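Quick notes on the structure that follows.
Just so you know, these numbers use all the heavy atoms, side chains as well, and skip hydrogens, waters and symmetry mates. From a predicted model like this one, the values you see are computed outputs, not experimental measurements.
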Amino acid sequence: MKKINAAVRELGSTLHLMNSLDKKLVYLMLATSLLNAMNPYVLIIGNTQLLNAMVARRFNTAIRTAVVTYLLVIVVGLAALFIRQTMLVSAARANEVLKIRIHEAWEQVDFATLESKEYFSTMNKSESSFRYSGGVRAFFAQLQQSLENVLEIITGISLLAWMVVYRITEQRTILYATIVVVVGLILLEAGLGWAYQHLTKQNIHIFAALMVLEKKMNYFLLEIVNTYSNIKSIKLWGMGDLIQTRYKAVWREEKKQNKTLVHIEYNSQIVAQLISSVAIVAIFTLVVYKMYLHLLPIGNINTLFAGVVQIASSVSLLVAAWQHLQRFQNQIQYVQQVFAISQPPRQTAASQPLPAASTPLVLQFDHVSFSYPNRGEVLHDVSFTLPFKGVTALVGENGSGKTTLVKLMLRLYTPTKGTIRLNGTNIQHIPLAEYTRLFSAVFQDYEVFDIPIDQNIASSTTIDQAKLAAIIQEWGLTDWIAHLPQGAQTPIGGFSGENFQPSGGQQQQIAIARAAYRDSRFQILDEPTASLDPIHELAVFSKIKRLSAHKPSLFITHRIGATTLADQVIMLQAGRIVAMGAADDLAKQSAYFQQLWESQAAMYNA
C-alpha cells in the first residue's frame, strides 16, 4: 500500500507540473479517456438490447435501438478523436515550454552549484529524459491510455458482476459457487499482482540502465567522432581501435540489456493475461450456468462475450501503457530535481543603486572566505582593496584560489564568510543585473561557438559594425580575419561550407575581443595569453596596459614576468593573500614572488 501511495503522490506531482505548462491538458485527457472508455460499452449494451428485442420479436424497438446505438457510437468516437488530437497538439507545445523552463532553471541556479558534479549530472539527465521518455506528449498519451483502460476494465467488471449477482439468491447452488469463485479469485489475483509489480520494478531498473548506456553510445558516436580536435587526436595517437573496442563493449551491453527488457515485457504480458484470463474464465462459467438455469435473458450472452473480450484487451493495453508511464515517472524526477534546486538568487536586503558613472569605484574584500558545496574551504580570511584603475595582476600557483576569488568578485559565488563591498555597499544588496554590467570577463574555459565570428564577439545578432571593426583592429585579429572568405562574418565550425576551425590562439583572441566589445567599467582576464605565441602575448599585455586609462583591468597569470606591466600585484598562496604591491617592491620584499620569478627565469637562463 505504501508503494501504491508513493506512486500516486509522484503521479500527482507530475500532473501538477504538467498543469503549470498548460491547464487544458488534464481536462482534455480526462474527456478523451471517458469518451473512449464509454464507447465500447455503449455498443455492447446497445447490441444486447437489440438481441433481446429481436428474440422477443419487437422489431420496431430493435430498429430504434440500432439507429440510436450506432449514431451515438459514431458521434462519441468522433468527439473523442478530435479532443485527443487537440490534447496531443497542446502536449507538444507544452513539451517545448518545459524544455525552455529547464534551460531557464539552469540559468537561475547559483554558479557554485552549477559547477558541482552532482548538479551537472542531474542537469544532463533532465535534458536526456526527453529523448528516452518521449516527453510531455508521450506522458499524456500513456496516461490517457491507462485511464481509458482502467475505466473500461471497471465498467466491464461492473457489467459482469451485475450478471453474476443478478438473482443470485434464488438458488443456493449458484450462491455457494459464486462465493467460492470470488474468494479463490481474490487470493490468486493477489499473487499474480505481486508478480506483475516485481516485473515492473525490473522494467524500470533496466530502462534506467539503458539510458546510461545510450548516453555512453552517443558520446562515442556524436561527441568523439564529430569533434574536429578529437579526430586529430584519434589519428595522431592511433586510438581508432581503442574507441571502437570501447564502443562495441557498450553496444554489446546495451544489446544484452535490451534483450532482458524484451523478456521482462513479454513476461509482464503473460502475467497480465493470466490476471484477466483466470477471472474471465471463472465469471464466464458462472454467467453461462445462470443462463442455463434461465436466471438471465439469453440476449445477455452478447454482453458476456463482448465484456470479456473488452476486459482482456484493456488489461493487455494497460500493462504496456502503465510500464511506459512508470518509465516517464522515473525520468521526470530529474526535471523535478532541477526545478527544486534552481531557484532565482535572492536579494538579501533592500536594493542599493550603483554609484554614478563618473564616481571612482573601489572594491573591498573584508575577511572573505569561501567553501564549495561538499568540499573544504578554499579561500581563507581574504582582505584587500581594489580600486578600479590601472592594471592589477593576480598571481599564484595552480589551486591557490585565483579563479575562485575572481568569481566571488563577479558575484558568481557568494562568500561563505565575510563581505565584499563596492564603495562601501555590500555587493549582495546591488541588483545583480546592474552589478554584472560593470564587468567583462574572459575565463580559461571560454567558449567559441559555431556561429559567425562577428556574432561570437558581439554576443548578439545586432552588431555595431564600427565598434566591431575598431576592436578587431585594436586587438590584433585583422591579420587572419582579413584572409577569411567572408571576413568577420565567416561562420566557425563544420556547419558551413567554409569549415573554418580557428586555432587555439585565434579562439582566445575572439574571447578577449568579446570582453572588449562589452561596455563595462572593469575587465577581468583569466590567463588571457595561455594559447598565444610570445609575440601576440606581448601585444595583448601591452594593449591591456595602454587601454587601462579608460578600462581598468585585472588579469590572472602564471607568467611572473607579465606582472611588470601591472600597477598592483596580488600574490595568492593556498587560498590566502601573502603579498600585495608593485612588482618592483615585491621583487625585493616577497620571498614567494622571488621564488616564482627565479623558477621561471631558470628556464630561460639554462
Side-chain angles (χ1 to χ4, degrees), residues 96 99-100 102-104 106-107 114 120 123-124 127-128 130-131 215 218-236 239-240 243 436-437 439-520 523-533 535-537 539-540 543:
E96 297 307 311
K99 286 183 180 180
I100 292 171
I102 290 173
H103 285 272
E104 289 175 343
W106 297 348
E107 294 176 2
L114 183 65
F120 190 73
M123 186 174 72
N124 280 336
E127 174 71 15
S128 62
F130 285 93
R131 294 195 299 272
K215 185 178 177 182
N218 285 337
Y219 170 71
F220 287 114
L221 289 175
L222 302 178
E223 294 185 35
I224 288 185
V225 299
N226 281 347
T227 304
Y228 180 69
S229 57
N230 287 345
I231 292 175
K232 289 194 297 183
S233 296
I234 291 170
K235 182 73 172 176
L236 178 64
M239 299 175 71
I243 300 299
T436 54
R437 278 199 296 269
F439 302 92
S440 55
V442 179
F443 289 102
Q444 294 182 67
D445 53 352
Y446 58 84
E447 189 64 53
V448 174
F449 302 98
D450 285 0
I451 56 177
I453 295 170
D454 55 357
Q455 294 179 19
N456 261 293
I457 294 173
S459 301
S460 173
T461 55
T462 304
I463 301 169
D464 183 335
Q465 294 296 336
K467 181 179 179 181
L468 176 71
I471 287 172
I472 288 175
Q473 177 67 38
E474 196 169 52
W475 288 93
L477 284 71
T478 306
D479 292 345
W480 58 270
I481 286 181
H483 294 90
L484 296 177
Q486 300 180 51
Q489 295 179 353
T490 301
I492 291 173
F495 296 109
S496 65
E498 289 81 3
N499 193 29
F500 171 58
Q501 304 288 345
S503 67
Q506 289 169 339
Q507 290 185 46
Q508 190 156 37
Q509 284 183 295
I510 292 172
I512 293 171
R514 181 188 295 154
Y517 187 91
R518 183 171 181 174
D519 292 320
S520 62
Q523 185 170 254
I524 297 175
L525 303 169
D526 187 353
E527 295 289 350
T529 61
S531 300
L532 300 181
D533 58 73
I535 295 175
H536 284 94
E537 178 184 25
V540 166
K543 184 69 66 178

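- Proximity of I453 to L484: side-chain heavy atoms (C-beta onward) are separated by under 4.5 Å at one or more points.
- The two residues A511 and V442 have their closest heavy-atom pair at O-CG2, 3.2 Å.
- When every heavy atom of F500 is checked against every heavy atom of P491, the shortest pair comes out as CB-O, 3.7 Å.
- With values rounded to the nearest 0.5 angstrom, E474 atom CD is found 11.5 Å from K467 atom NZ.
- Note that OG1 of T490 and NE2 of H483 are 12.5 Å apart. Values are rounded to the nearest 0.5 Å.
- The shortest side-chain heavy-atom distance between R518 and R437 falls under the 4.5 Å cut-off.
- Note that OG of S460 and CG of D454 are 10.0 Å apart. Values are rounded to the nearest 0.5 Å.
- Rounded to the nearest 0.5 Å, atoms CG (N456) and CD1 (I451) are 4.0 Å apart.
- Taken from CG in D464 to OH in Y517, the straight-line distance is 5.0 Å, to the nearest 0.5 Å.
- Between S440 and R514, every side-chain heavy-atom pair lies at or beyond the 4.5 Å cut-off.
- Shortest non-hydrogen contact noted between A513 and I457 is O-CG2, 3.7 Å.
- Contact between I481 and A488 at its shortest, heavy atoms only, is CG2-N, 3.5 Å.
- For the atom pair CD of Q508 and CD of Q506, the computed distance is 12.0 Å after rounding to the nearest 0.5 Å.
- Counting only heavy atoms from C-beta outward, the side chains of I102 and K99 never approach each other to under 4.5 Å.
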